[in-house]
Amino acid sequence: MRDSMGIRQRRRWPRLAREAAIAALVTLAGAALAADPAKTLRAAFSIAESSFDPQFNSDAASDSIIDNIFDAMLTYDYLARPVKLVPRTLEAMPEVGDNGSTYTFRFKKGIFFTPDPAFGGKPRELVAGDQAYAIRRLLDPAVRSPWLWLVEFKIVGADAVRAEALKSGKFDYEAPIAGLEVVDRYTLRIRLTQPDLRFLYAFAVPNTAPVTREVVAAYGSDIGAHPIGTGPYMLSLGEYKRSSKIVLVANPGYRETTYVPAGPIPADSAEIAAALKGTKLPIAGRIEISVIEEGQATWLAFLNRELDLLERLPPEFVDQALAGGKLKPELAAAGVHHHPLLRPNTWWTYFNMEDPVVGGYAPEKIALRRAIGMGYDVDEFIRVILKGRATPAISPIPPDIAGYDPELKTQAQLYDPAAARALLDKFGYKDRDGDGYRETPDGKPLVLERWSAPTTLQRQADEQWKKNMDAIGLKIVFRKDRLPELRKMARAGKIPMRTDGWNADYPDAENYMQLLYGPNAGPGLENQARFRLPEFDKLYEAARKLPDSPERTKLFDRMTELVLAYAPWRLQEHRIEDQLAQRWIRNYRPHPIRAEVWRYIDIDLAQRPK
């Protein structure tokens with residue numbers, strides 16, 4: 001990432017200076033550390049982190065860390081269901097005016113960034129200008145933020161400043177933006193080009209969290225390894241081992257925070273709410289996250305009590321943990337808790353629409369992708385590889401998300417290898433040399449190229465893809481790399497075909513359809529299929545203007561029909577997450593939107609093995 005603040009050589013700040021600054025902040029705040037340093041929560045990621053720069057990063061592992069180091073303006077109530085937005089760094093929920101065109105945010109006073117030499121040894125208070133700066137970073141072409149879509153085409157005057165940066169090669173951070181007004185030290189006002197009733201969701205996404213100019217200027221291209229935020233935890237730089245181990249320690253200067261429910265709480269969470277009442281957050285003084293990419297190693301670490309939480313049971317070990325979707329008696333007898341969650345998520349295989357083999361909008365190219373889709377058996381993948389812990393996807397939009405239509409009838413991607421073969425025959429994809437595999441209509445070799453991570457799960461998926469494609473006469477080869485590298489390649493448009501998924505950033509269909517929106521099909525952005533269809537884009541833009549309603553849902557239905565017709569994706573499944581917690585873990589309840597809820601978790605040290 002290259003920020004237009006300029007790349008500077010990394011300053012090697014003495015660690016003692018940072019520690020002294022932390023001690024000074026604790027003294028200034030007059031606060032004793034609320035978190036218990038004896039309590040260490042041990043968890044694991046199945047993918048390595050990529051960057052802790054909020055505006056640059058978009059992978060789930062890194063975002064989990066970002067959400068605990070930085071503070072977005074809003075968050076979701078921990079236990080309230082349905083999910084409910086609540087203030088995080090604001091005095092109250094933002095004031096909404098002009099029918100959803102004007103938003104006023106008032107920050108709490110006395111919130112401080114964790115100390116860093118970039119601040120010259122002085123405490124650094126969070127102010128409204130920091131949030132405005134973070135929004136400008138989203139707009140800066142040099143940052144290449146995959147979260148640009150949250151604000152692009154929305155804020156009055158912002159697109160003109162971005163357009164000038166695209167022309168000149170440098171974003172002017174001092175250029176006035178009429179719709180981005182720092183009213184005073186603690187007040188930010190945003191005016192939109194048109195009403196947007198879902199705009200507030202953007203500011204519960206961790207990647208809109210404020211950062212400071214000083215830190216960006218000090219660390220330049222290395223800012224992603226030096227996250228300095230105002231959240232409940234901070235990165236232990238001396239213990240951080242990239243792609244291997246991430247250690248968070250409680251922020252000693254964190255403002256006094258307790259959990260107060262903001263909405264209805266399900267009966268099974270009432271005990272947790274009672275336990276959290278009046279308890280300062282965070283509770284655990286230390287979080288240790290191991291990066292364990294292989295499911296077998298993760299499962300064994302949990303069985304050996306080396307992990308306290310298994311936030312995603314590896315699919316290949318479902319049969320060892322569950323019977324009929326329920327925790328096996330021997331695990332239940334050991335005090336393990338099972339938390340199944342159908343988190344709003346969708347998985348698909350995408351085709352790069354710019355690829356010369358599987359891309360393009362010509363009839364024969366569309367036919368090829370549709371035939372691939374009809375030749376792939378999603379039900380078998382769910383039954384055999386995911387052990388039944390998923391439901392087939394009928395739309396990019398998952399259940400329990402505004403805009404999802406359970407009555408939508410989708411036929412184009414049903415598993416039908418006979419129809420797939422007939423379609424390929426019709427459009428000239430035939431085996432001309434007798435080797436069992438089809439050539440292109442003009443007689444050239446035809447080879448599909450699927451990229452995936454080198455894990456057991458993906459090797460099993462490769463085997464099924466080969467079996468299914470062989471059955472319809474299509475040759476497929478497999479390329480491997482680690483997931484962080486795959487994501488970089490995908491964002492650069494270098495992968496022809498890959499399976500990926502998306503967890504909801506907020507509970508609305510827009511969050512999924514933006515993945516196919518034409519203006520998001522560029523370097524660093526999230527339309528990795530590079531799908532560009534004017535009709536789809538017009539429908540997306542029209543849906544943005546409407547409240548959640550049957551009329552709006554019909555627009556999403558039509559967008560789904562276009563996805564099925566042009567087939568930039570082969571829709572696959574919505575996965576069920578089976579989360580396991582050891583018997584000494586207290587207060588744990590998975591949240592449908594926010595993945596990591598570590599600040600609320602308590603550890604019963606008397607129950608934990610020594």
Query raised in the report: When you check the side-chain N and O atoms of N468 and Q464, is any donor under 3.5 Å from an acceptor?
Result: yes
Query - Check: S62/E49 side-chain N/O donor and acceptor closer than 3.5 Å - result: no
Report task. Take atom NZ of K84 as the centre, draw a 6.0 Å sphere, and report whether it contains more than 12 heavy atoms from other residues, nucleotides or ligands. Result -> no
Query raised in the report: Relative to each other, are the rings of F531 and F536 parallel, tilted or perpendicular (30° and 60° limits)?
Result: perpendicular
Report task. For residues N68 and L248, report the shortest heavy-atom separation together with the two atoms involved. Result -> CB-CD1, 4.2 Å
Query raised in the report: Quick check: does any side chain N or O of R421 sit under 3.5 Å from a backbone N or O of A471, one acting as donor and the other as acceptor?
Result: yes
Requested in this report: For a side-chain contact (heavy atoms from CB on, under 4.5 Å) with R570, tell me which candidate from Y350, F351, W348 qualifies.
Outcome: F351
Report all side-chain donor-acceptor pairs from residues 329-340 shorter than 3.5 Å, counting only partners two or more places apart or in another chain.
{"unit_1": "H338", "atom_1": "NE2", "unit_2": "D578", "atom_2": "OD1", "d": "2.8"}
{"unit_1": "H339", "atom_1": "ND1", "unit_2": "R589", "atom_2": "NH1", "d": "3.4"}

**Report entry** Donor-acceptor side-chain pairing of S58 and E526 below 3.5 angstrom
**Finding:** yes
Query raised in the report: Counting only heavy atoms not in E239, do more than 12 sit closer than 6.0 Å to its CD atom?
Result: yes
Query raised in the report: With distance as the sole test, does Q514 use its side chain to make a donor-acceptor pair with the main-chain N or O of N511 at under 3.5 Å?
Result: yes
Query raised in the report: Can you name the residues that form a ring-ring contact (aromatic ring centres under 6.0 Å, His included) with F381, not counting sequence neighbours?
Result: none
Query raised in the report: Are the aromatic ring centres of W465 and Y376 under 6.0 angstrom apart?
Result: yes
Query raised in the report: Are the charged groups of R459 and E294 less than 4.0 angstrom apart, N to O?
Result: yes
Query - R88 NZ/CZ over Y78 ring centroid, <6.0 Å and within 45° of normal - result: no
Query raised in the report: Taking it one step at a time, do I397 and M513 satisfy side chain to side chain contact (heavy atoms under 4.5 Å, CB included)?
Result: CA-CA 8 Å; I397 308 162; M513 291 305 192; 3.8 Å; yes
Requested in this report: Assess whether atom OH of Y506 is packed by more than 12 heavy atoms of other residues, nucleotides or ligands within 6.0 Å.
Outcome: yes
Query raised in the report: Are K488 and E485 ion-paired here, with the side-chain N under 4.0 Å from a carboxylate O?
Result: yes
Report task. For atom NZ of K475, decide whether the heavy atoms of other residues, nucleotides or ligands shown that lie under 6.0 angstrom number more than 12. Result -> no
Requested in this report: Taking atom CZ of R81 as the centre, report whether more than 12 heavy atoms of other residues, nucleotides or ligands fall under 6.0 Å from it.
Outcome: yes
Query raised in the report: Hey, is R438 close enough to D425 for a salt bridge, meaning N to O under 4.0 Å?
Result: yes
Query - Pair D500 + R487, salt bridge at N-O below 4.0 Å - result: yes
Query raised in the report: Are there more than 12 heavy atoms of other residues, nucleotides or ligands under 6.0 Å from atom CG of D400?
Result: no
Query raised in the report: From Q582 CD over to Y588 OH, what is the distance, rounded to the nearest 0.5 angstrom?
Result: 12.5 Å
